[in-house]
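A note on names: the letters A, B, ... follow the listed sequences, proteins ahead of strands, and every chain is numbered from 1.
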Amino acid sequence: MSDPFKLFNTLGRDKQVFEPIDPGHVRVYACGPTVYDYAHIGNARMAVVSDQLVRVLRHIYPKVTYVSNITDVDDKILNRAEELGVEMKDITQKYARIYNQDMARLGVGLPDLQPKATEHIQSMIEMIQRILANKGGYVDGGHVYFDVRSLPAYGGLSGRTLDELNEGVRIEVSEHKRHFGDFVLWKPSQDHEVGWQSPWGRGRPGWHIECSAMSFASLGLPFDIHAGGVDLVFPHHENEIAQACCATGNQSLDAYAKILGTNGFVMHEGQKMSKSIGNILLVHDLVKEHAPVVLRLLLLKTHYRQPLNWTSQGLENAKLLFQRILDIFSIQQPQMGTINQDVWAALLDDLNTPLALVHIEALIRKIRENGYLSEDVNQLYASVVFLGLMDADHLAVVDLPSPGEIEALLAKRELARKSKNFKVADHIRQSLLKQGVEILDTAGKSTWKYRL
RNA sequence: GGCUGGGUGGCAGAAUGGUCAUGCUGCGGACUGCAAAUCCGCCUACGCCGGUUCGAUUCCGGCCUCAGCCUCCA
């Protein structure tokens, strides 16, 4: 029997035992990226966390459906397209493809469904119609707004009241809105802008409606877990919930998703990542200099709800840890075993990956002390694979010399050593090290291994 | 101004009302042509002030401070 899986619910803010709505089919949705540029490490954090969550769920439940959308209609994309003088589609298709490629390198499995906003306009229109029928919105000059005052529980996720919202207002409120907290469900498009026909004229959807409509269309409401970054809690998730509550006629905030999982921000060397500072870390660039597995490892080294400080030292530490794992496998070839119990227990406790990694480290120590028992090594292997850290693809590091080349140099060095020509021997060691190969001198003969 | 969530040793980062987190780094040692790996030993913590308690890093209150959100954002 497995221990219960506990998860922190941002809705209500407490850690609770996860009980699926239907144990025969667990349903998860994560807010995916707006595809108008390369994915940054923050996008990757959400993807890796969700991926790890889904791995755990799949290990417990027979069927899990994981949906994560691609936002491919949005003003940022429109602006970018206009700047470049291309179609919106040209941009979104390119970056959606790159996003999936980058995430795959981080060991993130493709979602079971990856709906695109532009392919679900009809679902959105239908949901807006339901909201209007339930008196949760109003139409004004081609705009459709959600009426936040129609939902008494509005603000319950982020913990703010409509009055508090009022105090925070720093932007000019559109004259169409009846309450500054109201948000747009549908907005008119200019002739040159992308648009779709709707009961309210030619236009395009507001940002929040797509997730409500696509999760409804692909998973049904309510579903089990909705994941996303902290910055989305307000207003995005708050508004998604409000729309779903209104459309389904259920005023309870958990009528959308039972659990809202929220991952923390990524900082870069202690600073906020932002375009103005110019310190945005793109996965696309990071994988050029680091083994992708190390990036995933670093993302898992911080608990998903904590802010993650991305530093070069952290990267170095993650690399060392992975190297130690590799060292064990180079001494004792692993076979698939079962996941280490402590690692598993840590994951069951609100996806505590840093604690799981501590247990991995303890297991490494145990393996060394006990003389590389295959049972332990297999356990380590299974655990590492479960964390998405080991997979043939992740071990690939570009431009490494082939075993043949290495053996030839090693033989040459062996001759040099025999004749005590250590200068030559050391030179060979140094040059190979620069190419990512480390020589290990042992009593019998010298061996080598790839070094990250 | 309002709302969230944090503040643990040089760094990263967990748990916990009372004997060890752990890893990396640093220092000392074993081993070693060199370089590693490995092993042994050592040093640094719990933002501040009160309270509850026999005892608090852990619970409560206040304060300071950091970050995020309130405008697009993972």
- ring centroid sep under 5.5 Å plus plane angle under 30, A/Phe265 with B/A67: no
- Message: With no hydrogens and no angle check, just 3.5 Å: does a side-chain donor-acceptor pair link A/Tyr95 and A/Asp72?
- Response: no
- Task: Could you measure between the two C1' atoms, the one in B/G17 and the one in B/U57, and give it in whole Å?
- Result: 10 Å
- Salt-bridge criterion met for A/Lys94 and A/Asp90 (N-O under 4.0 Å): no
- Query: Which value, in whole Å, describes the distance between the P atoms of nucleotides B/G26 and B/A35?
  - Reply: 15 Å
- Those residues of residues 69-84 of chain A lying under 4.0 Å from RNA chain B by at least one heavy atom: A/Lys76
- Lys NZ or Arg CZ of A/Arg417 over A/Phe422 ring: under 6.0 Å, within 45°: no
- Contiguous Watson-Crick or G-U pair runs (3 or more, under 3.5 Å) in RNA chain B: B:1-7 with B:64-70, B:10-12 with B:22-24, B:26-30 with B:38-42, B:47-51 with B:59-63
- Is A/Phe422 touching bases, backbone alone, or none of the nucleic acid, heavy atoms closer than 4.0 Å? base
Output a table of nitrogen or oxygen pairs between the protein and nucleotides 41-46 of chain B separated by less than 3.5 Å.
none

- Query: For atom P, what is the distance between B/A14 and B/U32, given to the nearest Å?
  - Reply: 41 Å
- Task: Indicate whether the side chain of A/Thr71 and that of A/Glu210 have a donor and an acceptor atom separated by less than 3.5 Å.
- Result: yes
- Query: Atom CG of A/Leu321 to atom P of B/U25: distance rounded to whole Å?
  - Reply: 12 Å
- Message: Between A/Asp140 and A/Lys177 (salt bridge meaning N to carboxylate O under 4.0 Å), is one present in this structure?
- Response: no
- Query: Between A/Gln243 and A/Asn239, is any side-chain donor less than 3.5 angstrom from a side-chain acceptor?
  - Reply: no
- Query: Out of curiosity, A/Leu347 CG to A/Lys6 NZ, how far, rounded to the nearest 0.5 Å?
  - Reply: 13.0 Å
- Task: Scan side-chain atoms only and decide if A/Glu240 and A/Tyr256 contain a donor-acceptor pair under the 3.5 Å cut-off.
- Result: yes
- Task: Using the P atoms only, state how far B/G33 lies from B/U19, rounded to an integer number of Å.
- Result: 46 Å
- Charged N to carboxylate O below 4.0 Å: is that the case for A/Glu369 and A/Arg365? yes
- Determine, for A/Lys288 against A/Asp285, whether the closest basic-nitrogen to carboxylate-oxygen distance falls under 4.0 angstrom. yes
- Message: Please report the distance, rounded to the nearest Å, between NE2 in A/His359 and P in B/A14.
- Response: 13 Å
- Query: Going by the angle between their ring planes, with limits at 30° and 60°, are A/Tyr381 and A/Phe329 parallel, tilted or perpendicular?
  - Reply: perpendicular
- Message: Any donor-acceptor pair under 3.5 Å linking the side-chain atoms of A/Asn100 with those of A/Gln114?
- Response: yes
Indicate every side-chain donor-acceptor pair of residues 31-45 of chain A with a distance under 3.5 Å to a residue at least two apart or in another chain.
unit_1: A/Tyr36; atom_1: OH; unit_2: A/Lys275; atom_2: NZ; d: 3.3
unit_1: A/His40; atom_1: ND1; unit_2: A/Gly42; atom_2: N; d: 3.0
unit_1: A/His40; atom_1: ND1; unit_2: A/Asn43; atom_2: N; d: 3.3
unit_1: A/His40; atom_1: NE2; unit_2: A/Asn43; atom_2: ND2; d: 3.4
unit_1: A/Arg45; atom_1: NH1; unit_2: A/Gly264; atom_2: O; d: 2.9
unit_1: A/Arg45; atom_1: NH1; unit_2: A/Phe265; atom_2: O; d: 3.0
unit_1: A/Arg45; atom_1: NH1; unit_2: A/Gln306; atom_2: O; d: 2.9
unit_1: A/Arg45; atom_1: NH2; unit_2: A/His303; atom_2: O; d: 2.9
unit_1: A/Arg45; atom_1: NH2; unit_2: A/Tyr304; atom_2: O; d: 3.4
unit_1: A/Arg45; atom_1: NH2; unit_2: A/Gln306; atom_2: O; d: 2.8

- Query: RNA chain B: A/Lys423 or A/Glu369, which has the more 5' nearest nucleotide?
  - Reply: A/Lys423
- Message: Just the rounded figure in Å: distance from P of B/A21 to CD1 of A/Ile360.
- Response: 22 Å
- Quickly work out the A/Ile328 CD1 to B/G23 C1' distance and round it to whole Å. 14 Å
- Under 4.0 angstrom, heavy atoms only, what part of the nucleic acid is A/Val49 near: base, sugar-phosphate, or nothing? nothing
- Message: If I pick the P atom on B/U44 and the same atom on B/C20, what distance separates them, to the nearest angstrom?
- Response: 14 Å
- Is the ring centre of A/Phe386 less than 6.0 Å from the ring centre of A/His59? yes
- Note on the structure: Here the distance between atom C1' of B/U22 and atom CG of A/Leu297, to the nearest Å, is 14 Å
- To the nearest Å, how far apart are A/Arg160 CZ and B/U71 C1'? 12 Å
- Query: How is A/Gly229 classified with respect to the nucleic acid when contacts are heavy atoms under 4.0 Å: base, sugar-phosphate, or nothing?
  - Reply: sugar-phosphate
Would you tabulate the nitrogen or oxygen pairs shorter than 3.5 Å linking the protein to nucleotides 34-36 of chain B?
unit_1: B/C34; atom_1: O2; unit_2: A/Arg429; atom_2: NE; d: 3.2
unit_1: B/C34; atom_1: N3; unit_2: A/Arg429; atom_2: NH2; d: 3.4
unit_1: B/C34; atom_1: N3; unit_2: A/Asp441; atom_2: OD2; d: 2.8
unit_1: B/C34; atom_1: N4; unit_2: A/Asp441; atom_2: OD2; d: 2.5
unit_1: B/A35; atom_1: N1; unit_2: A/Asp441; atom_2: N; d: 3.4
unit_1: B/A35; atom_1: N3; unit_2: A/Arg429; atom_2: NH1; d: 3.4
unit_1: B/A35; atom_1: N3; unit_2: A/Arg429; atom_2: NH2; d: 3.1
unit_1: B/A36; atom_1: O2'; unit_2: A/Glu438; atom_2: OE2; d: 2.8

- Query: On a whole-Å scale, what distance lies between the P atoms belonging to B/U25 and B/A36?
  - Reply: 11 Å
- Message: Is it the case that the side chains of A/Tyr29 and A/Asn69 hold a donor-acceptor pair, with the cut-off being a distance below 3.5 Å and no angle test?
- Response: yes
- Message: Would you say A/Thr311 and A/Asn309 are linked by a side-chain donor-acceptor pair, where the criterion is simply a distance under 3.5 Å?
- Response: no
- Please state how far atom CG in A/Asn263 lies from atom C1' in B/G68, giving the value in whole angstrom units. 12 Å
- Message: Using a heavy-atom cut-off of 4.0 Å across all strands, would you classify A/Gly264 as base, sugar-phosphate, or nothing?
- Response: base
- Message: Counting the atoms with a prime plus P, OP1 and OP2 as sugar-phosphate, which does A/Leu232 contact under 4.0 Å by heavy atoms, base, sugar-phosphate, or nothing?
- Response: sugar-phosphate
- Task: Please state the C1' separation for the pair B/U8 and B/C46 - nearest whole angstrom.
- Result: 4 Å
- Query: What integer distance in Å separates A/Leu157:CG from B/C70:P?
  - Reply: 14 Å
- Kindly point out which of B/G23, B/C3, B/A74 is positioned nearest to the side chain of A/Arg365? B/G23
- Task: Sticking with atom C1', work out how far B/C59 lies from B/C39, rounded to a whole angstrom.
- Result: 42 Å
- Message: For nucleotides 5-13 of chain B, give me one character per nucleotide, 5' to 3': B if any protein heavy atom sits under 4.0 Å from the base, S if the only such contacts are to the sugar-phosphate, - if neither.
- Response: S-----SSS
- Message: Please find the pair of heavy atoms, one from A/Val28 and one from A/Val64, that lie closest to each other, and give the distance.
- Response: CG2-CG1, 4.4 Å
- Query: With a 3.5 Å cut-off and no angle check, do the side chains of A/Arg204 and A/Ser189 form a donor-acceptor pair?
  - Reply: yes
- Select from A/Asp349 and A/Ala362 the residue whose nearest nucleotide in RNA chain B is closer to the 5' end of that strand. A/Asp349
